[in-house]
Amino acid sequence: MSAEIICVGTELLLGDILNSNSQFLAKQLAGLGIPHYFQTVVGDNPDRIKQVVAIAVERSAQILIFTGGLGPTPDDLTHETLARCFGVEMVERTDILEDLIQKYASLGRHISASNRKQALIPAGAEILPNPLGTAPGIIWQPRPDLTILTFPGVPQEMYRMWQDTAVPYLKAQGWGQDIIYSRMLKFWGVSESVLAEKVAPLLDLTNPTVAPYALNGEVKLRVCARASTEAAALAAIAPVQQQIQAIAGLDYFGSDQDTLASVVGELLLQRGETLTVAESCTGGSIGSLLTAISGSSRYFLGGVIAYDNSVKIGLLDVNSDDLAQEGAVSDIVAQQMALGVRSKLGATWGLSVTGIAGPGGGSETKPVGLVYIGLAGPNSEVETFEYRFSAFQERDLIRHYSAESALDCLRRKMLRIA
């Protein structure tokens with residue numbers, strides 16, 4: 001017993017439009033506790049749409065949710081194809097036609113023959129009203145064990161139709177008695193494979209389930225529970241989350257909407273401390289991550305983008321002889337940048353980054369991806385951390401890894417001395 005999402009539109013296959021509808025519907029189905037195992041994107045082709053429907057029905061989907069293909073143009077074929085799939089005629093609904101006439105009249109336009117096509121739906125289907133657009137959807141049971149819901153591809157229209165009509169209908173049919181609730185646990189400084197090995201026994205759980213993900217250096221474990229209420233789901237998730245956090249240690253930094261920047265900010269607030277940054281290869285990325293958090297002015301004083309060596313020397317008091325001898329990308333320069341920015345701006349912590357983001361600028365001894373992070377703390381204590389990100393990574397990714405890793409260094413340091 002499950003639902004499937006079928007998104008219709010050649011523009012989706014070509015990548016011209018981001019398919020945000022499937023993400024929205026997937027989250028909504030989880031919130032209703034409706035199992036959902038497959039999604040399909042199919043072009044505006046009736047034969048292929050019929051194939052998709054046949055496959056979905058064969059694998060026991062009881063709810064088919066369509067988006068797209070409801071417009072007035074010749075390639076909008078969803079309703080027509082569904083009618084053919086189940087051997088029924090298309091009928092013109094006068095109530096839909098009257099609604100279309102009124103909507104076009106409000107725009108000072110007359111309804112055209114192509115627009116009138118939107119009043120045609122499969123015989124026996126009920127209307128799924130569209131208060132924001134002209135294309136209505138349908139709610140249809142072509143046979144007792146199958147419900148079909150169709151929505152236009154325009155996201156705002158689909159969202160409204162889902163909430164206003166589809167959700168109440170599904171609940172009235174007995175769906176949505178349970179919910180599927182998940183927590184997304186987040187980690188930095190550990191690879192997906194290493195973390196998966198550490199928590200391997202938990203990956204075999206059935207309720208809650210645990211699944212790993214990784215994107216741009218951040219590793220995630222989704223802990224998902226099916227229960228009658230959110231409170232019951234959270235109660236099932238809690239002991240599993242505690243086990244994972246105990247296993248991961250400091251590699252775990254937060255969950256759900258947490259970011260390294262927001263977690264660092266909370267720690268600084270709790271400790272009554274402040275931060276300032278000196279950035280070379282990251283070019284302001286750390287400052288951007290920090291200031292994206294509302295209220296960050298309470299703990300983030302500012303920073304210096306010290307890209308050229310003259311700025312490192314003039315504003316951050318980096319020693320020119322050290323620069324000449326060791327180079328800008330070095331342990332000693334990262335230390336002096338961190339100490340300098342902390343002293344100049346009067347913060348508790350000074351955080352610095354200097355490195356080679358590529359694609360050029362690397363050498364045999366200092367390859368692309370080499371990054372030094374400096375951390376100066378209370379009493380002018382200073383530490384440095386060396387990272388070697390893959391030279392095959394794009395420049396933007398190396399900058400991203402560097403900025404996030406710098407925040408992670410500060411997070412771990414504050415937790416260790418808490």
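Predicted, not measured: the structure shown is a model, and the values here were computed from it.
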Engineer: Give a yes or no answer on whether the side chain of D178 reaches the backbone of R226 with a donor-acceptor pair at less than 3.5 Å.
Structural biologist: no
Engineer: Is the shortest side-chain heavy-atom distance between L64 and L149 below 4.5 Å?
Structural biologist: no
Engineer: Mind listing the closest non-hydrogen atom pair of G327 and V333 along with its distance?
Structural biologist: O-CG2, 3.3 Å
Engineer: Below 4.5 Å, heavy atoms only, C-beta onward: do L100 and R116 meet side chain to side chain?
Structural biologist: no
Engineer: Would you say L316 and V304 make side-chain contact, with heavy atoms under 4.5 Å?
Structural biologist: yes
Engineer: Which atom pair, heavy atoms only, marks the closest approach of K103 to N130?
Structural biologist: NZ-O, 2.7 Å
Engineer: If you measure from CG on L132 to CD on Q156, what distance do you get to the nearest 0.5 Å?
Structural biologist: 8.5 Å
Engineer: Given 3.5 Å as the limit, does a donor-acceptor pair link the side chain of T78 with the main chain of G68, or not?
Structural biologist: yes
Engineer: Would you check if the side chain of K366 reaches a backbone N or O of V329 as a donor-acceptor pair within less than 3.5 Å?
Structural biologist: yes
Engineer: Are side-chain N/O atoms of T147 and W140 paired as donor and acceptor at under 3.5 Å?
Structural biologist: no
Engineer: Walk me through it: do T274 and W349 pass the test side-chain hydrogen bond (donor to acceptor under 3.5 Å, both in side chains)?
Structural biologist: CA-CA 6 Å; T274 55; W349 298 93; over 6 Å; no
Engineer: For S22 and Q39, which heavy atoms make the closest approach, and how far apart are they?
Structural biologist: CB-OE1, 3.4 Å
Engineer: Could you check whether any side-chain heavy atom of L202 comes within less than 4.5 Å of a side-chain heavy atom of I244, counting everything from C-beta outward?
Structural biologist: yes
Engineer: With a sphere of 6.0 Å drawn around CD of E11, does it hold more than 12 non-hydrogen atoms of other residues, nucleotides or ligands?
Structural biologist: yes
Engineer: Inspect the surroundings of CZ in R59 and state if more than 12 heavy atoms from other residues, nucleotides or ligands are less than 6.0 Å away.
Structural biologist: yes
Engineer: Apply side-chain contact (heavy atoms from CB on, under 4.5 Å) to the pair V353 and Y372, showing each step before the final yes or no.
Structural biologist: CA-CA 6 Å; V353 181; Y372 289 96; over 6 Å; no
Engineer: List the steps and the verdict of side-chain contact (heavy atoms from CB on, under 4.5 Å) for I49 and D47.
Structural biologist: CA-CA 5 Å; I49 294 173; D47 290 335; over 6 Å; no
Engineer: Going through the checks in order, is the salt bridge (Lys or Arg N to Asp or Glu O under 4.0 Å) test met by K186 and D258?
Structural biologist: CA-CA 8 Å; K186 300 183 177 181; D258 290 336; over 6 Å; no
Engineer: Would you say that more than 12 heavy atoms from the other residues, nucleotides or ligands in this model lie under 6.0 Å from the CZ of R84, or not?
Structural biologist: no
Engineer: Give the ring-plane orientation class for Y252 versus F187, where under 30° counts as parallel, over 60° as perpendicular and anything between as tilted.
Structural biologist: perpendicular
Engineer: Which pair of heavy atoms, one from A56 and one from I6, lies closest together, and at what distance?
Structural biologist: CB-CD1, 4.5 Å
Engineer: Is there a donor-acceptor pair closer than 3.5 Å between any side-chain N or O of R412 and the backbone N or O of C409?
Structural biologist: no
Engineer: Count the heavy atoms belonging to other residues, nucleotides or ligands that lie under 6.0 Å from CD of E394, then report whether that count exceeds 12.
Structural biologist: no
Engineer: If you define the side chain from C-beta out and look only at heavy atoms, does anything of L275 sit under 4.5 Å from L410?
Structural biologist: yes
Engineer: Is it true that the NZ or CZ of R143 lies under 6.0 Å from the centre of F86's six-membered ring and within 45 degrees of the ring axis?
Structural biologist: no
Engineer: Working note: E126 + I121, criterion side-chain contact (heavy atoms from CB on, under 4.5 Å); need CA distance, chi angles, decisive distance, verdict.
Structural biologist: CA-CA 9 Å; E126 297 298 324; I121 65 172; over 6 Å; no
Engineer: Could you state the interatomic distance from OG1 (T282) to CG (L351), rounded to the nearest 0.5 Å?
Structural biologist: 8.5 Å
Engineer: How far does CD1 of I398 sit from SG of C281, to the nearest 0.5 angstrom?
Structural biologist: 8.5 Å
Engineer: Could you tell me whether the side chain of P136 reaches within less than 4.5 Å of the side chain of M161, counting heavy atoms only?
Structural biologist: no
Engineer: Does either side chain, that of D331 or that of Q335, offer a donor lying less than 3.5 Å from an acceptor on the other one?
Structural biologist: yes
Engineer: Start with the C-alpha distance between T10 and D44, add both sets of side-chain angles, then the distance that settles side-chain hydrogen bond (donor to acceptor under 3.5 Å, both in side chains), and finish with yes or no.
Structural biologist: CA-CA 6 Å; T10 302; D44 300 298; 3.3 Å; yes
Engineer: Please report the closest heavy-atom contact between S402 and F389, naming both atoms and the distance.
Structural biologist: OG-CE1, 3.6 Å
Engineer: Rounded to the nearest 0.5 Å, how far apart are OG1 of T165 and CD1 of I139?
Structural biologist: 6.5 Å
Engineer: Measuring only between side-chain heavy atoms, which start at C-beta, is V341 closer than 4.5 Å to V277?
Structural biologist: no
Engineer: For T81, is there any backbone N or O sitting under 3.5 Å from a side-chain donor or acceptor partner on K50?
Structural biologist: no
Engineer: May I ask you to test the D251-W188 pair for a side-chain heavy-atom distance under 4.5 Å?
Structural biologist: no
Engineer: For R183 and S255, what are the C-alpha separation, side-chain angles and deciding distance, and is it a side-chain hydrogen bond (donor to acceptor under 3.5 Å, both in side chains)?
Structural biologist: CA-CA 7 Å; R183 297 294 305 272; S255 61; 2.7 Å; yes
Engineer: Determine whether the side chains of H79 and T150 contain a donor N or O and an acceptor N or O closer than 3.5 Å.
Structural biologist: yes
Engineer: Please assess D322 against Q336 for the test side-chain hydrogen bond (donor to acceptor under 3.5 Å, both in side chains), listing each intermediate value before the final yes or no.
Structural biologist: CA-CA 10 Å; D322 291 332; Q336 293 177 19; 2.7 Å; yes
Engineer: Picking from V42, V41, V8, what satisfies side chain to side chain contact (heavy atoms under 4.5 Å, CB included) with V52?
Structural biologist: V42
Engineer: Determine, stepwise, if the pair L32 / I179 fulfils side-chain contact (heavy atoms from CB on, under 4.5 Å).
Structural biologist: CA-CA 5 Å; L32 290 170; I179 66 165; over 6 Å; no
Engineer: Less than 3.5 Å apart, any donor N or O on the side chain of S182 or R222 sitting next to an acceptor on the other?
Structural biologist: no
Engineer: If only side-chain N and O atoms count, and only distance matters, is there a donor-acceptor pair under 3.5 Å linking Q28 with Q163?
Structural biologist: yes
Engineer: Going by atom types only, do D408 and S405 share a side-chain donor-acceptor pair under 3.5 Å?
Structural biologist: no
Engineer: Verify salt bridge (Lys or Arg N to Asp or Glu O under 4.0 Å) between E80 and K117, making sure each step is shown before the conclusion.
Structural biologist: CA-CA 10 Å; E80 180 181 347; K117 171 189 174 184; 5.1 Å; no
Engineer: Nearest heavy-atom pair of Q118 and G71: which atoms, and what distance?
Structural biologist: NE2-CA, 3.6 Å
Engineer: To the closest 0.5 Å, what do you measure between CG (L315) and CD1 (I305)?
Structural biologist: 11.5 Å
Engineer: State the OH-CG distance between Y104 and D99, to the nearest 0.5 angstrom.
Structural biologist: 10.5 Å
